[in-house]
Amino acid sequence: MTILEIQDFIKSNASVKVRGGGTKPALSSVANLEMHELSGMLEYDPSEYTFTALAGTRVSEIAQILAEHGQHLPFDPPFLMAGATLGGTVAAGLSGSGRQRFGGVRDFVLAVQFIDGLGGIVRGGGKVVKNAAGFDLPKMHCGALGTFGVITELTFKVFPAPKAWATLQLECDTPKTALETMQKLAGSSFDLECLDVFGSRVMIRIGGVINALETRLENLQKFVGIEGQVTRDDTEIWREAREFLWVVPNAALVKIPLTASKIPTLEAKILEHGRTRYISSGNLAWLEWTDSLENLDLILLELQLSGLVLRGNTPRVLLGKQVGGVLLERVLNTFDLERKFNAT
Amino acid sequence: MTEPATILTDLRRVLGEARVMVKAAQLAAYESDALTSFKARALAVVMPETELEVIEVVKICHKHRVPFVARGSGTSLSGGSLPVADGVVIALNKLNKILKLDPLERVAVVQPGVTNLAVSTAAAPFGLYYAPDPSSQQICTIGGNVAFNSGGAHCLKYGMTSNHVLGLKVLLPDGEVLTLGGSSLESVGADLHGLFVGSEGLFGIALEVTLRLLPKPQRYRTVLAAYHSLEAAGEAVASVVSSGLLPGAMEIMDALAIQAAEAAVHAGYPKDAAALLIVELEGEDRAIEAEFLELERVIRASGAYEVRIAQSELERLTIWKGRKSAFSAVGRLSPDYIVQDGVVPRGKLGLALKEIERLSGVAGLRVANVFHAGDGNLHPLILFDGREPGALEKAEHLAGEILGLCVKLGGSITGEHGVGVEKREHMPIMFSSSDLDAMKRLRLSIDPLELSNPGKMFPSGEAPALVSHAPHPLERAGVITRE
């Protein structure tokens, strides 16, 4: 579909539901607008650390081009191999374990072009790594689930990729010890690319100049005081995380932002129905959930947490504490008065 | 709009007599911010001390349809906190409490009047700091940083203010209060705290700001390189970038800026250099040691005629002292100056500087250049003498030409100072009329009466008075700088 066709489609339809790669089925199972044809890199100059691509472009395609120039998207977009698109990643507001060091998708999106509820094209942001002109419309779209319009084009900041990686896995006695170790590392001045906790295992990824890795790993082990397992060719470990291969097929998958101090109360509530993987120093829980999502909604509400369902059967994908309030209403009124895009 | 007397009575009922300032001498101190070429006199300057008082003041303004401007220390370089004539200035300096500092979660919750540096100072005992470092960080406030998405020298690697604000309690222009974001680095739903940051006060006032704190880097390595031409320094930046290194800061100064800085603070810079490049790596000890070897190799191969490596923290600070004083130092060369902060793609830096030099020649005005080379953020300082008739207009014209150049080269009219009053007429060179219309609709949907900081960001009919003015007193004293 061309941009002109998308404009016409929006003008002539009362409800517009977009699908990119379809990797987050809870968000796109009832789509009537497929974005995969709106695909391709438009501008990429490695020396500028930026690229611009159409929103339906697969992240994997972008990652491959960037890798040819020794660069990457440091926020580690999830569902990369599964076929996630740039637009879907921004709309769902998803970042992976690699967000630990330099930030998430919101921190790397620089410019956006989208089509609003009236079918008008709107651009916001700038195509350079630093820009303070105009409202930050690119950030507004992060996590908005396409409710402000159909994202058609995106510009991102990229970084040089570490020349080499290594992963240190620590098996702790209990999940509690694992969380304490995570906290200790999070407050330290080690430069960590990933810092995950999965059960009683702490997973640490570092990257950089190859001949410094050995000493850095030794220093890390000394700091935590736990003997760990080092993997130098660690691609598979992080692919499993990025693609959610650890989640059983029939379970729901839910994103829950939180802080480390809330982890024990969340764990106490979910018990046998859920399994969590904490990423980015405990700032985000990926929850594999086998009970009803209505029950999870109540649990999150009680804990004053919010959740986003990525997989699972639910009429409402945003669970728990609702966010945005009157400001969200006013922004929606601006770009989609008729609520054509209202995904939930 | 209601009779001024009625408005003042209402304001005094909430704040008392003394904190509603209406005397000419009191108002005069707030007529300008750091962009002194614009001035406007408010009806009153009010000094709330609590969040509740701010809310009450805004409700009064809303009831009487009086425009208001929230203000911190007034260090805006784009006229962002310029008062609205006969409106109310809400000075937030007394809301200066750090409400919470959690070293374990590495967040601070602060009131808008807290200064940028105060956050890092409070975090320092825990080995933490607040990353955005605008040069006015000693006095500029977090509220202002949030409104204008302030930057600093470390944006390429660490991002701007918006990348460090996790949550906000905001007061909308009609008196509604709501919370956006939270304490987590992650969120679900539209990223409205991201939208609020950088909205230049047009969406209301931030009452509480939750900031992310970072552990201090283990180690810094800093190198200073001198070149015979600006182009060579620019090419050195390109080499550093293509080597795959990610420095925390890369700064360039041209000959005029070097001379001025030398005269002011005696940093010991090579005085005959046409350009100086400062590159700093920071991070984990062993990683930085290894990376610095690579950086040194790149710099030595870049045609620098002198390379100095800081061997101690003192030497490092001396290198930075010259750079950080460059603006106030250049100010000594000329009675007046204006500074722009346009951005160009890094690869176009050489071209941009050459063109700025040409435009400067045509205008007959000297331009000194100090810039964040890592992210292409220029800071041309246009020197002029405001006592000469027409000089200010000529300088403004040159400034406009430079901004046009930045956009033509694929960049932006502002990297970190914001649009404010100063660059609002330049917005149409960067955004189409439909883009601007969409932003305007957003503004009107959030603030239909356009009460909160009107006259900023959007191009509009009546321009405020352009007056020539000596530098800000704090700037003369060297406390604040224009970058």
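- Scanning all heavy atoms of the two residues, the minimum distance from B/Pro345 to A/Val128 falls at N-CG1, 3.8 Å.
- Of all the listed residues (B/Ala238, B/Ala290, B/Gly189), the one sharing the greatest number of non-hydrogen pairs under 4.5 Å with chain A is B/Gly189.
- At a 4.5 Å heavy-atom cutoff, the contact between A/Val326 and chain B is made by backbone and side-chain atoms alike.
- Residue B/Ile429 qualifies as enclosed at atom CD1: its count of foreign heavy atoms under 6.0 Å is above 12.
- Heavy-atom minimum distance, B/Met439 versus A/Leu137: CG-CD1, 4.3 Å.
- The part of B/Glu200 that comes within reach of chain A is its side chain, from C-beta onward, which places non-hydrogen atoms under 4.5 angstrom from that chain.
- When heavy atoms are compared at a cutoff of 4.5 Å, B/Ala438 approaches chain A by way of both its backbone and its side chain.
- Taking the charged nitrogens against the carboxylate oxygens, A/Arg330 and B/Asp174 do have a contact shorter than 4.0 Å, which makes a salt bridge.
- Ranked by heavy-atom pairs shorter than 4.5 Å toward chain A, the options B/Gly151, B/Pro217, B/Ala287 are led by B/Ala287.
- Looking at A/Ser189 and B/Lys216, their side chains never bring a donor and an acceptor atom within 3.5 Å of each other.
- Using a cut-off of 4.0 Å between Lys/Arg side-chain N and Asp/Glu carboxylate O, A/Asp191 and B/Arg286 are scored as not salt-bridged.
- Ranked by heavy-atom pairs under 4.5 Å with chain B, the first of A/Thr50, A/Val331, A/Asn211 is A/Val331.
- Contact count against chain B (heavy-atom pairs under 4.5 Å) is highest for A/Lys255 among A/Lys255, A/Lys127, A/Lys157.
- Heavy atoms of B/Asn377 lying under 4.5 Å from chain A belong exclusively to its side chain.
- For the pair B/Val241 and A/Ser47, the tightest heavy-atom approach, listed with the atom from each and the gap, is CG1-O, 3.6 Å.
- Rounding to the nearest 0.5 angstrom, the gap separating the OG1 atom in B/Thr179 from the NZ atom in A/Lys321 is 7.0 Å.
- When heavy atoms are compared at a cutoff of 4.5 Å, B/Ser242 does not approach chain A at all.
- Contact count versus chain A (heavy atoms, under 4.5 Å) is highest, among B/Val419, B/Leu214, B/Leu178, B/Val170, for B/Leu178.
- With chain B as the partner, the residue from A/Phe102, A/Phe159, A/Phe335 showing the most heavy-atom pairs under 4.5 Å is A/Phe159.
- The contact between B/Leu172 and chain A is made entirely by side chain atoms (from C-beta outward), counting heavy-atom distances below 4.5 Å.
- With a threshold of 4.5 angstrom between heavy atoms, A/Gln100 approaches chain B through N, CA, C or O but not through any side-chain atom.
- Looking at A/Leu258, the atoms closer than 4.5 Å to chain B (heavy atoms on both sides) all sit in the backbone: N, CA, C or O.
- Both the backbone and the side chain of B/Glu291 come within contact range of chain A, with heavy atoms under 4.5 Å apart.
- Chosen from B/Leu128, B/Leu444, B/Leu246, the residue pairing most often with chain A at heavy-atom distances under 4.5 Å is B/Leu246.
- Side-chain N or O atoms of A/Asn283 include one that pairs as donor or acceptor with a backbone N or O of B/Leu185 at under 3.5 Å.
- When A/Val209, A/Ile206, A/Leu213, A/Asn131 are compared by the number of non-hydrogen pairs under 4.5 Å with chain B, A/Asn131 comes out ahead.
- Here the CG-CE distance, from B/Leu195 to A/Met140, works out to 6.5 Å after rounding to the nearest 0.5 Å.
- Of the listed residues (B/Met160, B/Arg219, B/Lys348), the one with the most heavy-atom contacts under 4.5 Å to chain A is B/Met160.
- Contacts between B/Leu442 and chain A at a heavy-atom distance below 4.5 Å involve backbone atoms as well as side-chain atoms.
- Pairing each heavy atom of B/Val343 with each of A/Lys130, the nearest pair is CG2-O, 3.3 Å.
- In this structure, no portion of B/Tyr158 lies under 4.5 Å from any heavy atom of chain A.
- With chain B as partner, the option from A/Gly93, A/Gly104, A/Gly70, A/Ala260 having the largest number of non-hydrogen pairs under 4.5 angstrom is A/Ala260.
- When every heavy atom of A/Pro160 is checked against every heavy atom of B/Leu245, the shortest pair comes out as CG-O, 4.0 Å.
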- Stepwise salt bridge (Lys or Arg N to Asp or Glu O under 4.0 Å) test for A/Lys139 and B/Asp191: CA-CA 6 Å; A/Lys139 273 206 186 57; B/Asp191 196 327; over 6 Å; no
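- For chain A, the nearby part of B/Leu180 is the side chain; its heavy atoms alone come within less than 4.5 Å.
- Judged by distance alone, with hydrogens and angles left aside, the side-chain atoms of B/Glu105 form a donor-acceptor pair with the main-chain N or O of A/Ser261 at under 3.5 Å.
- For the atom pair A/Leu337 CG and B/Ser445 OG, the distance stands at 8.5 Å (nearest 0.5 Å).
- For the options B/Glu289, B/Glu294, B/His193, heavy-atom pairs under 4.5 Å to chain A are most numerous at B/His193.
- Under a 3.5 Å cut-off, the side chain of B/Ser412 and the backbone N or O of A/Gly126 do not form any donor-acceptor pair.
- Heavy-atom distances place the side chain of B/Met427, and not its backbone, under 4.5 Å from chain A.
- In this structure, chain B has no heavy atom under 4.5 Å from any part of A/Ala161.
- Using modelled atom types, one side-chain atom of A/Arg106 and one backbone atom of B/Ser162 make a donor-acceptor pair closer than 3.5 Å.
- Only the side chain of B/Leu202 has a heavy atom closer than 4.5 Å to any heavy atom of chain A.
- The part of B/Val344 that comes within reach of chain A is its backbone (N, CA, C, O), which places non-hydrogen atoms under 4.5 angstrom from that chain.
- Side-chain atoms of B/Glu284 do not come within 3.5 Å of backbone N or O of A/Arg216 as any donor-acceptor pair.
- Remark: A/Arg123 does not engage B/Asp435 in a salt bridge, criterion side-chain N to carboxylate O under 4.0 Å.
- For A/Val323, the part lying near chain B is the side chain, with the backbone staying farther off; criterion is any non-hydrogen pair under 4.5 Å.
- Residue A/Ile210 does not touch chain B at all, counting heavy-atom pairs closer than 4.5 Å.
- Because its NZ or CZ atom is both nearer than 6.0 Å to the ring centre of A/Tyr49 and within 45° of the ring axis, B/Arg346 counts as a cation-pi partner of that residue.
- No more than 12 heavy atoms of other residues, nucleotides or ligands sit less than 6.0 Å from atom NZ of B/Lys100.
- No part of B/Lys423 comes within reach of chain A, as not one of its non-hydrogen atoms sits under 4.5 angstrom from that chain.
- Closest approach of B/Glu186 to A/Pro257, counting heavy atoms only: O-CB, 3.3 Å.
- Of the two parts of B/Arg212, only the side chain, counted from C-beta on, holds a non-hydrogen atom closer than 4.5 Å to a non-hydrogen atom of chain A.
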- Task: Please report the C-alpha distance between B/Phe203 and A/Phe135 in whole Å, then the side-chain angles of each, then the deciding distance to 0.1 Å, and finally whether the ring-ring contact (aromatic ring centres under 6.0 Å, His included) criterion is met.
- Result: CA-CA 10 Å; B/Phe203 295 161; A/Phe135 297 136; 4.4 Å; yes
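- Among A/Asn219, A/Val122, A/Leu327, A/Val105, the residue making the largest number of heavy-atom pairs under 4.5 Å with chain B is A/Leu327.
- If you measure heavy-atom distances from A/Asp116 to chain B, the contacts under 4.5 Å come from the side chain alone.
- Only the backbone of A/Ser188 comes within contact range of chain B, with heavy atoms under 4.5 Å apart.
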